[in-house]
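What follows is a short report on a single structure.
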Amino acid sequence: MSGALTLDEAVAVADRLRAAGRRIVLANGCFDLLHVGHVRYLAGARALGDVLFVGVNSDAAVARLKGPGRPLMPAGERAELLAALRAVDHVVVFDDDTADHLVARLRPHVHAKGTDYTTQSVPERDTARTVGAEVAIAGDAKQHSTRDLIALIRERFVPGAGR
């Protein structure tokens with residue numbers, strides 16, 4: 001079980017929630033090797049509304065965005081981990097390099113990005129504004145990254161790596 005909705009299922013859920021007056025927040029990312037920075041970002045995003053949808057980049061998108069050897073975990077497993085988090089209400093996997101299409105279809109009240117962005121640098125900013133969504137930055141200062149965690153694991157556990 002991946003814990004993920006299809007895009008059409010997510011749109012139907014978002015439409016029902018919006019009609020019921022719930023404030024919808026959308027966060028997105030690769031979430032390849034879940035770490036505390038991800039958890040803090042998602043908790044911060046969830047605090048911006050009533051319901052948190054999380055868009056997870058597909059395996060093909062992660063490979064395009066992050067390069068060779070990524071993702072470390074398939075999208076279904078990443079979605080399952082995210083769906084198990086208290087802050088996350090719904091997960092949807094998407095194949096684009098940005099979440100523009102996801103923002104356009106889900107029409108959240110808030111599109112939240114992590115602190116490695118500013119409200120001016122969010123790639124989906126224009127799409128969010130077009131659908132009437134606020135763009136917000138959530139989470140704590142960017143002190144954690146999957147790239148750094150992979151490097152640390154290699155340094156500690158792969159003989160000759162990192163030297």
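Here the closest heavy-atom approach between residue Ile24 and residue Ala14 is recorded as CD1-O, 3.3 Å. Considering every non-hydrogen atom in both Val91 and Ala79, the closest pair reads CG1-CB, 3.7 Å. Shown here for Val135 and Ala128, the closest heavy-atom pair between the two residues is CG2-CB, 3.7 Å. Minimum interatomic distance between Ala138 and Ala45 (heavy atoms only, all atoms of both residues): CB-N, 3.5 Å. Residue Asp50 comes nearest to Gly21 through the heavy atom pair OD2-O, 4.2 Å, listed as atom of the first residue, atom of the second, then distance. Here the closest heavy-atom approach between residue Ala10 and residue Leu5 is recorded as CA-CD1, 3.8 Å.
Checked by atom type and distance alone, the side chain of Arg129 never pairs as donor or acceptor with a backbone atom of Gly132 at under 3.5 Å. Between the side chain of Arg107 and the main chain of Arg18, no donor-acceptor pair closer than 3.5 Å is present. Thr115 contributes a side-chain N or O that, together with a main-chain N or O of Asp140, makes up a donor-acceptor pair within less than 3.5 Å. Glu77 places no side-chain N or O within donor-acceptor distance of the main-chain N or O of Pro74, the cut-off being under 3.5 Å.
With a 4.5 Å cut-off on side-chain heavy atoms, Leu82 and Leu34 count as touching. The closest side-chain heavy-atom distance from Asn28 to His111 is below 4.5 Å. Within the 4.5 Å cutoff, no side-chain heavy atoms of Leu42 are placed close to those of Arg86. The side-chain heavy atoms of Met73 and Glu80, taken from C-beta on, include no pair separated by under 4.5 Å. Side-chain contact between Phe94 and Asn57 is present, with at least one heavy-atom pair separated by less than 4.5 Å.
Taking Tyr41 as the reference, nothing meets the ring pair (Phe, Tyr, Trp, His ring centres under 6.0 Å) condition, with sequence neighbours excluded. With sequence neighbours left out, Arg70 forms a side-chain contact (heavy atoms from CB on, under 4.5 Å) with Asp32, Val62, Lys66, Leu72, Thr146, Ile150. For the side-chain contact (heavy atoms from CB on, under 4.5 Å) test, residues two or more places apart in sequence or in another chain that qualify with Arg16 are Ala12, Val13. Taking the side-chain contact (heavy atoms from CB on, under 4.5 Å) definition, one finds that Val11 meets it with Leu7, Asp15, Arg105, Leu106, sequence neighbours left out. Remark: His109 engages no residue in a ring pair (Phe, Tyr, Trp, His ring centres under 6.0 Å) (not counting sequence neighbours). For Thr98, the side-chain contact (heavy atoms from CB on, under 4.5 Å) test picks out Asp100, Pro123, Glu124, with sequence neighbours left out.
Tracing side-chain contacts under 4.5 Å through hydrophobic residues (I, L, V, M, F, W, Y), one reaches Val103 starting from Val51; they form part of the same cluster. When hydrophobic clusters are built by joining Ile, Leu, Val, Met, Phe, Trp and Tyr residues whose side-chain heavy atoms come closer than 4.5 Å, directly or via intermediates, Leu48 is grouped together with Leu85. Residues Tyr117 and Val56 do not share a hydrophobic cluster, defined by chaining ILVMFWY side chains whose heavy atoms lie under 4.5 Å apart.
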Asp95 vs Arg64, side chain to side chain contact (heavy atoms under 4.5 Å, CB included): CA-CA, chis, key distance, verdict: CA-CA 10 Å; Asp95 195 41; Arg64 289 190 303 270; 4.2 Å; yes
Report the C-alpha separation of Val92 and Glu9 in whole Å, then their side-chain angles, then the decisive distance to 0.1 Å, and conclude whether the side chain to side chain contact (heavy atoms under 4.5 Å, CB included) test is met. CA-CA 9 Å; Val92 60; Glu9 290 169 337; over 6 Å; no
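Put simply, the residue from Leu26, Leu52, Leu17, Val54 that forms a side-chain contact (heavy atoms from CB on, under 4.5 Å) with His90 is Leu17.
Here Asp59 pairs with Arg78 in a salt bridge; the nearest charged N to carboxylate O distance falls below 4.0 Å.
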